[in-house]
Amino acid sequence: MIHRLILFYLFAILMSCASSNNEQIAEKVDAATFSKNLESLEGVQLVDVRTPEEFANGSIDNAVNINFYDDAFEEQIANLDKKKPVMIYCQAGTAGGRSGQTLDKLKELGFEEIYELAGGYGGWSKE
């Protein structure tokens, strides 16, 4: 009986250690930090959640446009790689805006590393 109890505690300790390795990073960052992360993080998935018309008027290099208002939006973002960093932006990057809602959705879906551009593309293009 004591051996089973010891095994149970060891198992519980191992499981708690395993779960702590899967911490989620979800941050709203300024343009300088966003730019630095774009250059330094490996395998970044850069996502512009604006409309195709907004995207056509300018975007950050190498961004993929996934229209926040598209009926298939959630399916499209769910198809991104959850283990690679995701960097998102919309036009203004205000609280509760498209990129903020996308950040929340990515967190729900279990993405490990997410960065939202504060100030959005409008702030980025002024930098």
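Any value given below was found using the heavy atoms of this structure, including those in side chains, with hydrogens, waters and symmetry copies removed.
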I need the Thr33 OG1 to Leu117 CG distance, nearest 0.5 Å. 10.0 Å
Taking the side chain as every heavy atom from C-beta outward, state whether Trp124 and Phe34 have any pair of such atoms under 4.5 Å apart. yes
If hydrophobic clusters are built by linking Ile, Leu, Val, Met, Phe, Trp and Tyr wherever their side-chain heavy atoms come under 4.5 Å apart, do Phe68 and Val64 end up in the same one? yes
Gap between atom CD of Glu113 and atom CD of Gln24 - 0.5 Å precision: 10.5 Å
Is any side-chain heavy atom of Cys90 less than 4.5 Å from a side-chain heavy atom of Glu54? no
Which heavy atom in Tyr115 sits nearest to a heavy atom in Val29, and how many Å separate them? CD2-CG1, 4.1 Å
Rounded to the nearest 0.5 Å, what's the gap from CZ on Arg98 to CG on Asn67? Could you check? 8.0 Å
Could you grab the distance from atom CG of Leu106 to atom CD1 of Ile114, nearest 0.5 Å is fine? 5.0 Å
Would you compute the distance between atom CD of Gln91 and atom CG of Asp48 and round it to the nearest 0.5 angstrom? 8.5 Å
Are any of the side-chain heavy atoms of Met87 and Ile60 separated by less than 4.5 Å? no
With no hydrogens and no angle check, is any side-chain donor or acceptor of Ser35 less than 3.5 Å from a backbone partner on Ala31? no
Straight-line distance of Asn37 CG to Leu46 CG, nearest 0.5 Å: 11.5 Å
Val47 to Leu80 - nearest heavy-atom pair and separation: CG2-CD1, 3.9 Å
Please indicate whether Asp71 has more than 12 foreign heavy atoms, meaning atoms of other residues, nucleotides or ligands, lying under 6.0 Å from its CG. no
Any chain of hydrophobic side-chain contacts (each under 4.5 Å) joining Phe111 to Phe73? yes
Are the side chains of Lys105 and Glu108 in touch, meaning some heavy atoms are under 4.5 Å apart? yes
Counting only heavy atoms not in Glu74, do more than 12 fall under 6.0 Å of its CD? no
Lys84 side chain to Gln45 main-chain N or O, any donor-acceptor pair under 3.5 Å? no
Kindly give the heavy-atom pair with the smallest separation between Arg50 and Phe55, and that separation in Å. NH2-CA, 3.6 Å
State whether the side chain of Glu116 and the backbone N or O of Gly100 hold a donor-acceptor pair below 3.5 Å, judged by distance alone. yes
Can you see which heavy atom on Pro52 is nearest to which on Asn65, and at what distance? CA-OD1, 3.4 Å
Could you pull out the closest heavy-atom pair between Asp81 and Lys83, with the gap in Å? OD1-N, 2.9 Å
Least distance between heavy atoms, Tyr89 atom then Ser59 atom: OH-CB, 3.5 Å
